[in-house]
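Read the structure below first, then the notes.
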Amino acid sequence: MLNIAAPHLSPAEWRDVKATLNAVAGCGCGKASVARTFKMRFGHLLRPSMGPPKAAATSLSAPLRPVRDFLCETGRTRRLAERHIPTLTAQGFSRAQIEALALLGA
């Protein structure tokens, strides 16, 4: 569980966090689940009962990939992914914004 207090951000900082989370929404994390793998292997047999295929994960621009990686690792480990923080800081995110991303997006 993430043990982070709600960060204090200005309205503009919250808007940036929200815009970033919206931009990476639906990007997907890591490997496909067992159910998804099963669907992919046997989808042609089961398609009539499963319905139309779902859209593929959204392609991300290079600047958003570190955000996705941070959120995915934070979500998997339930700890702040510290190794991604320098990259996010270099992109202009403050520590408070990074913590807000983790709380809301992971």
Side-chain angles (χ1 to χ4, degrees):
M1 180 174 177
L2 289 172
N3 189 16
I4 303 171
H8 297 287
L9 299 173
S10 71
E13 289 174 315
W14 278 116
R15 280 192 299 276
D16 290 344
V17 167
K18 180 181 176 183
T20 301
L21 288 173
N22 286 337
V24 298
C27 66
C29 288
K31 299 177 183 175
S33 68
V34 172
R36 181 175 161 95
T37 303
F38 177 79
K39 282 183 182 181
M40 288 172 12
R41 287 185 183 164
F42 301 105
H44 66 283
L45 298 173
L46 302 174
R47 190 162 324 276
S49 64
M50 291 182 351
K54 293 188 173 145
T58 305
S59 164
L60 287 178
S61 64
L64 290 174
R65 288 184 193 130
V67 176
R68 180 208 44 211
D69 295 344
F70 169 76
L71 292 174
C72 290
E73 185 175 330
T74 298
R76 270 192 317 273
T77 64
R78 304 308 300 158
R79 287 185 165 75
L80 208 58
E82 294 287 341
R83 70 187 184 109
H84 296 285
I85 291 177
T87 304
L88 297 178
T89 302
Q91 287 184 335
F93 290 101
S94 69
R95 178 67 184 215
Q97 286 176 309
I98 293 168
E99 290 176 359
L101 287 168
L103 285 172
L104 297 173

Work out which heavy atom in [X] is nearest to a heavy atom in [Y]; give both atom names and the distance.
X: Leu21; Y: Gly105; result: CD2-CA, 3.8 Å
X: Ser94; Y: Glu13; result: OG-OE2, 4.1 Å
X: Ala100; Y: Trp14; result: CB-CZ3, 3.7 Å
X: Glu73; Y: His84; result: OE1-NE2, 2.9 Å
X: Ala81; Y: Thr74; result: N-OG1, 3.2 Å

| Asp16, Leu71, Val24 screened by side chain to side chain contact (heavy atoms under 4.5 Å, CB included) with Leu101, the one that passes | Leu71
| message | Donor-acceptor check, side chain of Gln91 to backbone of Pro63, threshold 3.5 angstrom: yes or no? | response |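 Indeed, once roles are kept as given, a pair shorter than 3.5 Å links the two residues.
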So [Y] and [X], do their side chains get closer than 4.5 Å, heavy atoms only?
X: Leu80; Y: Arg95; value: yes
X: Ile85; Y: Phe70; value: yes
X: Gln97; Y: Leu9; value: yes

| query | Between atom CD of Glu82 and atom OG1 of Thr77, what is the distance when rounded to the nearest 0.5 Å? | reply | 10.0 Å
